[in-house]
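Notes follow the structure.
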Amino acid sequence: MNGRVLAALISAISCAGGSLGVADTLAAAREHAEKGVESARSGNLAQAESELRRAVELAPDDASYLTSLGGILGMEQKLTEANAYFERAVQRAPTDPVMLRNLAANEWRLGQLNKAQAHLERLLVMQPQDQVAMLLLGMVSENKHDYPRAAKLLAAVPGLVEQQPESVAALASAYYHTERRQEARKVLESLLTRTDASPKGIFAAAGVAAEAKDYKIAEQLFESVRFRYPDTAALKYNVALIQFRTGRFTQSQSTLSDLVNTGQAKEEAYTLLGTVEMKMDLFTDAMKSYTHAVELDPNSLGAKVGLTSAKWAAGLRPEAEAEFQLLLKQHPEDASVCESYGTSLLNAATDDAMLAQAAELLSKAVKLDASRAEPHYELGILELKKSAVPPDSLRQALEQLQTALRLGLTDSRIHYALARVYRRLGREGKAAAEMQLYQKAQASEGHTEQTRETGSLQAK
Amino acid sequence: MRWVVALFLVLLVCGLAAVPHSHVEASDEFFSDVTARAGIHWRHVSGESSERYLIETMGGGVAFLDFDQDGLEDLFFVTGGETPASKGSTPPRNALYRNLGNGKFEDVTDRSGLARIPFYGMGVAAADFDNDGYPDLFVTGYPSCALLHNNRDGTFTDVTQKAGVQNAGRWAASAAWFDYDHDGRLDLFVANYAKFSYEGGPHCDYRGERTYCAQVSYTGERLTLYHNNGDGSFTDVTREAGLSELIGRGLGVVTVDVNDDGWPDVFVARDASPNLLLINQHNGRFKDVALNAEVALNMDGNARAGMGVDAGDVNGDERPDFIVTDFNDEQHALFVNAGSILYREWTRESGLAAVTRFFVGWGVHFIDFDNDGNLDLVLVNGHVNQVIEKTRLDVTYREPPLLMANNGKGVFHNVVEQAGSVFHNRYLGRGLAVGDYDNDGGVDVVFTCLNDAPVLLHNNVGRLKPWIGVRLEGTKSNRDAIGAKLTLTVGTKTSVRWITGGASYLSSHDSRVAFGVGRDAAGPTRLEIRWPNGDVQTVNGLKLNQYQRIVE
């Protein structure tokens with residue numbers, strides 16, 4: 001936003017020029033202010049700041065100098081101090097839209113969303129067609145998760161939105177959150193042909209698409225800045241994450257291997273690599289990757305749990321059991337340990353004792369963090385795994401599975417399990433509906449004869 | 001029309017004397033490896049090459065059959081063959097071994113005309129498709145199949161073209177003979193595996209080492225159902241039967257009457273594709289109910305790597321249950337019939353989960369090896385991934401076969417300690433067939449190994465308990481009586497067996513049934529036969545410890 005702030009600053013100085021008196025002090029203040037603008041134009045922000053501070057000292061009640069100084073400070077990332085000058089400017093010119101807009105913009109950058117919203121709303125009452133205010137209020141609304149309002153405001157100023165990938169990302173986010181995926185995709189696609197757009201903004205836009213699980217456009221956006229985005233490690237990680245989430249484990253492994261070979265990989269990259277290798281049944285490789293992750297960040301619980309799960313899967317079960325027990329002691333309040341241990345036991349259960357232990361751990365995981373969908377699902381499955389499935393078990397299974405669904409577990413597994421429960425309960429209509437959802441989810445997950453990719457050795 | 005034939009013998013009882021088993025040395029082990037002693041020296045050839053064609057991993061089938069109708073079960077082995085990357089100076093050959101009755105077999109392959117087939121061989125299904133009293137052979141493979149008619153003189157004639165059962169262009173795995181439309185003639189069900197070509201296939205490696213790609217790299221194939229026209233020809237009725245849309249990687253197949261309506265149904269074990277349970281609609285069509293029956297997928301709704309399959313009643317409820325061999329970590333699945341067409345997975349409760357979780361299973365068959373009246377299990381394992389020991393510390397490339405004893409309630413325990421030395425060894429097991437080659441009532445086992453010699457196992461313990469053997473001969477029904485349901489009551493105990501089509505993996509079995517009678521031997525015996533065409537026949541007074549021929 002620096003360009004926009006500089007433009008506003010120049011505009012503010014120009015406006016101030018007309019209102020200056022003839023006194024020498026004011027003339028000197030004006031001279032400093034103009035020098036400040038010139039310095040800013042030439043990129044010398046320190047000099048600009050110095051000149052504008054002098055101007056404010058000489059004319060402390062001049063709103064234009066105050067807001068200009070705020071603008072320079074904002075460009076220097078001194079946002080808190082900038083805010084004080086913007087506030088002083090607004091106090092002196094409360095109906096000036098430029099002052100209000102600058103203050104609101106800075107508040108937004110500071111994360112003071114409520115204040116920014118109030119000032120922008122005030123501005124829009126004064127100037128209902130103020131496009132910059134609409135853009136800013138749209139951004140603020142998106143940040144406040146008021147997606148319908150964000151979508152409405154940002155869509156109303158397409159010319160401004162398309163200038164910045166960040167605002168395109170905000171509009172796309174608003175669309176995704178209001179179930180308007182096609183429109184989100186359309187605005188994001190517009191970025192693919194923008195060679196002048198900032199790679200950082202496009203990276204952010206890709207992140208929005210990835211978060212919305214719109215992986216195709218997300219990957220296209222990440223790829224579009226492959227040679228321009230400065231943090232190649234972050235870029236590769238995000239691409240690998242998408243490849244993993246879309247079931248392309250071989251590709252994900254390859255991307256992560258490239259990243260690892262650059263020597264720039266962080267703990268999260270090694271942890272993801274371990275997770276990918278687990279999916280590919282390359283358990284000893286996963287052990288090595290998780291071990292690297294733990295070495296890079298000994299406090300990463302995700303890496304430690306992954307390493308233990310990999311050992312379990314690779315056949316080092318006694319060692320893994322001991323490590324799970326240790327993790328339980330070290331992190332008694334962490335649901336992820338209980339969940340991983342319980343799930344490992346449940347998947348390998350060969351007798352009722354293992355099932356009971358799995359049930360205990362998964363129940364504890366739910367107790368520690370009821371918002372986790374996976375243990376609810378596993379508990380539902382556990383009820384279905386019992387030798388006899390009495391009505392009580394079916395009801396419990398249904399309850400757990402519905403909770404998992406409510407908490408966001410929407411993959412094919414949940415629908416298949418629900419179909420089974422409904423069928424056993426004699427609710428054939430519901431069972432059939434869930435089975436349809438299961439088949440739809442399977443298709444979207446790539447579980448087709450042609451595209452499914454699991455198992456240890458994947459085609460290239 | 002179902003009708004009940006009289007209570008008395010409308011049967012021709014013809015005792016088949018047991019072969020003296022003096023040639024079998026006394027042994028403490030349940031099964032002894034008699035391969036070399038029997039004179040079986042054939043080896044399977046997969047054509048393994050640096051190209052790593054997936055077909056090289058699949059193995060070959062084996063059949064127990066009495067090709068010369070001398071009352072002794074003979075053996076036929078299918079080799080793999082050559083690929084464009086593995087052509088040698090001596091092409092690999094199949095093998096037909098004639099049972100000499102003294103514990104030895106004679107290689108009669110060259111005279112039989114079965115040595116070579118013009119395609120890469122996979123499985124075999126033996127049955128008397130033309131009801132002439134002699135078993136014929138259907139050999140599966142890629143990119144064709146062959147129907148070999150038994151000339152009743154020790155030779156076979158390739159009648160594939162005339163019969164129209166080439167299954168051209170497809171990669172066929174297991175096949176099953178059964179009479180799906182009750183016309184008295186055996187039809188042919190072929191479980192095809194995947195779209196495959198020697199050219200342009202996927203390429204996989206592990207850390208630079210060329211490996212076989214996972215099965216999911218290959219698109220599944222459709223099934224084939226051939227209707228027997230009764231004049232030596234067959235018609236492909238796959239589409240008419242409602243099967244053409246069921247695309248997937250089929251490997252094992254067994255036919256059995258699942259819902260006891262007198263019509264044969266089909267279970268297809270598929271590899272990383274949902275299993276199929278095809279219910280016969282009595283009008284030439286089948287309906288897949290596997291999803292609703294809960295035999296298609298695992299608990300998470302994902303398909304396992306189904307290889308071999310068999311059907312039998314493991315818990316005495318007189319309904320057919322299914323065993324399906326799967327990949328390591330998936331556990332070989334046991335599905336018990338929970339009434340109607342709903343199955344409950346019984347893998348953990350049966351004890352199979354704990355024993356099979358490290359293994360990749362293939363050939364499998366229910367077998368009452370000790371004649372205690374309960375159906376036990378024999379199965380072979382062997383991995384496909386040559387680098388598995390680099391990625392797992394608890395899974396090996398070569399794996400042991402398993403013998404699991406049933407307590408009568410569907411709970412099995414591994415009897416490896418008594419089973420015999422073979423069960424301590426590790427193999428790349430693939431095909432498996434069961435049959436009583438010495439007619440002593442102890443059902444024997446043979447299994448094939450990838451790129452290796454097969455293993456013939458003599459059952460040392462079956463003959464130690466009373467048994468009742470029957471060999472059915474259809475007249476209105478198909479001559480092999482495939483599809484018949486046999487209900488034997490001895491004293492207070494009732495046992496049900498089916499003469500199934502297919503079963504196991506790539507293999508074919510002795511069509512006779514040996515009921516272990518166990519401790520109830522003292523009671524009166526009553527055998528009810530529901531023939532494939534629906535007629536019911538009751539036989540009383542069966543003799544112990546011999547096979548009896550029962551004519552419809």
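Naming: A, B, ... by sequence-line order, numbering from 1 per chain. Any value given below was found using the heavy atoms of this structure, including those in side chains, with hydrogens, waters and symmetry copies removed.
- Tested against Phe283(A), the residues Leu393(B), Asp329(B), Thr391(B) include a single side-chain contact (heavy atoms from CB on, under 4.5 Å) partner, Asp329(B).
- A 4.5 Å side-chain heavy-atom check between Asn302(B) and Gln442(A) finds at least one atom pair inside the cut-off.
- Atom CD of Glu319(A) has more than 12 heavy atoms from other residues, nucleotides or ligands within 6.0 Å.
- With rounding to the nearest 0.5 angstrom, the OH atom of Tyr416(A) is 7.5 Å from the CG atom of Asn298(B).
- The CG atom of Asn328(B) sits 7.5 Å away from atom CG of Asp281(A), with the distance rounded to the nearest 0.5 Å.
- For a residue to count as touching a neighbouring chain, one of its non-hydrogen atoms must lie under 4.5 Å from one of that chain's; by this rule Glu345(B) does not touch chain A.
- Of the atoms belonging to Lys390(B), it is backbone heavy atoms, and not side-chain ones, that fall under 4.5 Å from chain A.
- Of the listed residues Val355(B), Leu291(B), Asp300(B), the one with more heavy-atom pairs under 4.5 angstrom with chain A than any other is Asp300(B).
- For the atom pair CG (Asn347(A)) and CZ (Arg357(B)), the distance works out to 12.0 Å, reported to the nearest 0.5 Å.
- Around the CD atom of Glu360(A), the shell of radius 6.0 Å holds no more than 12 heavy atoms that belong to other residues, nucleotides or ligands.
- Per-residue heavy-atom pair counts under 4.5 Å with chain B were compared for Arg413(A), Arg423(A), Glu277(A), Met287(A), and the maximum is reached by Arg423(A).
- Residue contact with chain B, scored on non-hydrogen atoms closer than 4.5 Å, involves the backbone and the side chain of Arg420(A) alike.
- Side-chain N or O atoms of Arg392(B) include one that pairs as donor or acceptor with a backbone N or O of Ala313(A) at under 3.5 Å.
- When heavy atoms are compared at a cutoff of 4.5 Å, Glu378(A) does not approach chain B at all.
- Of all the heavy atoms in Ala349(A) and Ala353(B), the pair that sits closest is O-CB, 4.3 Å.
- When heavy atoms are compared at a cutoff of 4.5 Å, Leu297(B) approaches chain A by way of both its backbone and its side chain.
- Summarising the geometry, atom OG1 belonging to Thr284(A) is positioned 11.5 Å from atom CD belonging to Glu389(B); distances are rounded to the nearest 0.5 Å.
- The neighbour count for Glu399(A) CD, taken as heavy atoms of other residues, nucleotides or ligands under 6.0 Å away, does not exceed 12.
- For chain B, no part of Ile414(A) is nearby; none of its heavy atoms comes within less than 4.5 Å.
- Rounding to the nearest 0.5 Å places CG of Leu384(A) at 8.0 Å from CD of Glu294(B).
- Annotation: maximal heavy-atom pairing with chain A below 4.5 Å, among Ala338(B), Gly301(B), Ala354(B), occurs at Gly301(B).
- Contact check on Asp285(A) versus Arg207(B) returns a salt bridge, with a Lys/Arg side-chain nitrogen under 4.0 Å from an Asp/Glu carboxylate oxygen.
- No side-chain heavy atom of Arg348(B) sits less than 4.5 Å from a side-chain heavy atom of Met354(A).
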